[in-house]
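Throughout, residue positions are numbered sequentially from 1 according to the sequence presented. Start at 1 and go down the list; that is how both ligands and their atoms are numbered.
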Amino acid sequence: MSDTVKYVLDESRIPRAWYNIMADLPSPPPPVLHPGTLQPIGPDDLAPLFPMSLIAQEVATEREIGIPDPVRDVYRQWRPSPLYRARRLERALDTPARIYYKYEGVSPAGSHKPNTAVAQAFYNKEEGVKRITTETGAGQWGSSLAFAGTLFGIEIEVYMVRVSYDQKPYRRAMMEAWGARCTPSPSPETAAGRAILAARPDHPGSLGIAISEAVEMAVQRDDTKYALGSVLNHVLLHQTIIGIEAMEQLALAGDYPDIVVGCTGGGSNFAGIAFPFIGANLREGKTTRIVAVEPAACPSLTRGRYAYDFGDTAHLTPLTKMHTLGSVFTPPGFHAGGLRYHGMAPLVSHVKELGLIEARAYQQIGCFEAGLEFARAEGILPAPEANHAVKGAIDEALACKRDGVSRAILFNLCGHGHFDMQAYVDFKAGKLVDQDYDEAELAMALAGLPSAGA
Ligand SMILES: *Cc1c(COP(=O)(O)O)cnc(C)c1O
């Protein structure tokens, strides 16, 4: 058999519906609470921030939610994304495992994020929104929304976590190339930003702070809404196109995964590849193991508390029950910027509590080693975030070798690393260190959790 094994679907096979896991869960996730009344929020509470169609998706319970034709039309530019069998990597590892990866780096922004950015821009446009504010960590989300904004004629304003703004000037240049405005966060433009800067002028920023700034700016103008690139139910929903396609591509290969692996920041690319397979486990009695991999320096799923918390640092958002490190927790400035969020998507947290997924945490140096091993075998240089999934898949493949069994492993290669070359330069120069989060800071951040409904 040839070494390059690629499963390609014709564009007519782009899914016509996203998969909504709510339809198959044995119990629904806990409700989202209003921070003042501690009562479940309703659609009106979210209306200043999101268009009604996305709010409806947030609480939808039907299994399939149709993908609008204009969104499918944009998807045609790069979807269905390819699924590869990693034969060269299998040989390099000398493993009997069958390793497959779904490659989301083929999108214009280089990651899975346009899957939801395009859908969100479409629904906002439909409801007459002129401007969208958002936050970005490593810049992947900001650039994806900038791309979608230019396609649909919507102004995009991005608050970018300061440490990434300084580390990744090319992501900012990309956002600006697509016509977006990019401001380092914390910024003096918002009350939330000014308060943080007053306490610590050199604050490196965090996703929680950048969210506060973007939300604050969105609620001030009627023609402006806010968009989030991960965490929320509708974002995870849009990403399920990844797993739906992968399932069909694996059928072409005559295979089905024993293990599915994804990296988790806010949980969207992981949910995207995993939820359709969790649905098959629940509905059809399949027994695929689902593995979430997170950074040891920001370990919400493995070390966080499952509790109600705010999504942002200034406490402007509703309360959601999730695995959290505390909304004021600032993780160290490690290189997988897209994984530096204090909380986990409520739906991913819920399936973890239900025992439907496993979670593990890895330090960054081992992840970069795995990413380079993958690049040398398969040719694609993964994003630092994706390296966590690569390492998860490699570890499972090595377990197959140890156990002398062939299992099918599917992982999500959620983005390429072409804008993260400084991270690889630093790795090669021996400048990367494995950092643990600050235990004292975590204890303090957890002590400050709101006391809602435990
Ligand atoms: C944003 C991002 C992540 C983390 O976000 P999730 O919502 O957990 O997917 C991971 N990988 C890449 C390439 C990203 O751009």
Side-chain angles (χ1 to χ4, degrees), residues 81 101-117 120 134-147 158 160-161 164 168 170-171 174-175 207 210-211 227-243 261-275 291-295 298-301 311 322-323 331 334-349 351-352 357 359 361-362 364 367 371 374 380-392 411-420 423:
S81 66
Y101 58 97
K102 179 76 165 158
Y103 184 42
E104 290 295 312
V106 291
S107 79
S111 76
H112 64 288
K113 295 228 170 64
N115 295 334
T116 185
Q120 292 191 46
T134 197
E135 72 292 329
T136 197
Q140 292 269 19
W141 168 242
S143 53
S144 299
L145 194 63
F147 156 70
V158 184
M160 184 171 188
V161 175
S164 296
K168 302 185 185 227
Y170 297 140
R171 275 282 165 198
M174 207 172 169
M175 289 179 238
L207 276 171
I211 293 172
L228 193 58
S230 184
V231 176
L232 297 178
N233 299 351
H234 68 264
V235 179
L236 275 52
L237 173 79
H238 300 154
Q239 295 296 353
T240 59
I241 195 166
I242 301 170
V261 182
C263 69
T264 50
S268 74
N269 90 84
F270 167 76
I273 196 150
F275 279 9
V291 181
V293 184
E294 64 182 6
C298 190
S300 55
L301 266 180
M322 59 182 175
H323 289 91
F334 60 92
H335 266 293
L339 306 182
R340 296 178 74 247
Y341 185 58
H342 69 272
M344 182 49 58
L347 269 177
V348 172
S349 289
V351 296
K352 171 75 165 48
I357 66 169
Y362 288 134
Q364 65 175 350
C367 292
F374 177 83
I380 300 172
L381 191 72
E385 294 84 2
N387 284 341
H388 291 73
V390 173
K391 177 154 173 62
F411 76 91
N412 196 17
L413 188 58
C414 50
H416 66 64
H418 301 178
F419 293 94
D420 306 289

With the side chain counted from C-beta on, respond yes when [X] and [Y] share a heavy-atom pair under 4.5 Å apart, and no when they do not.
X	Y	answer
Val291	Phe270	no
Ser144	Pro114	yes
Tyr341	Ile211	yes

For [X], take its heavy atoms, then give the atoms of ligand 1 lying under 4.0 Å from any of them.
X	answer
Ser230	6 (P), 7 (O)
Ser268	6 (P), 7 (O), 8 (O), 9 (O)
Thr264	8 (O)
Gly267	6 (P), 7 (O), 8 (O)

Exercise. Atom 4 (C) of ligand 1: which protein heavy atom is closest, and how many Å away?
Worked result: Gly338 O, 3.2 Å
Exercise. Identify the closest protein heavy atom to atom 8 (O) of ligand 1: which residue and atom is it, and at what distance?
Worked result: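 Nearest neighbour among protein heavy atoms for atom 8 (O) of ligand 1, to 0.1 Å: Gly265 N, 2.7 Å.
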Exercise. Does Arg171 offer a backbone N or O that forms a donor-acceptor pair with the side chain of Gln140 under 3.5 Å?
Worked result: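 Looks like no, no N/O pair under 3.5 Å.
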Exercise. Looking only at non-hydrogen atoms, which of Met344, His416, His388, Glu385 approaches atom 10 (C) of ligand 1 most closely?
Worked result: Glu385
Problem set entry | Residue selection (non-hydrogen contact nearest atom 3 (C) of ligand 1) among Gln140, Lys113, Glu104 | Lys113
Exercise. Taking non-hydrogen atoms only, is Leu339 closer than 4.0 angstrom to ligand 1 via side chain, backbone, both or neither?
Worked result: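 Just the side chain.
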Problem set entry | Min heavy-atom dist Ala386 to ligand 1 below 4.0 Å | no
Problem set entry | Ser300 side chain to His323 side chain, donor-acceptor N/O pair below 3.5 angstrom | no
For this session: Please assess Glu385 against Asn269 for the test side chain to side chain donor-acceptor pair (under 3.5 Å), listing each intermediate value before the final yes or no.
Result: CA-CA 11 Å; Glu385 294 84 2; Asn269 90 84; over 6 Å; no
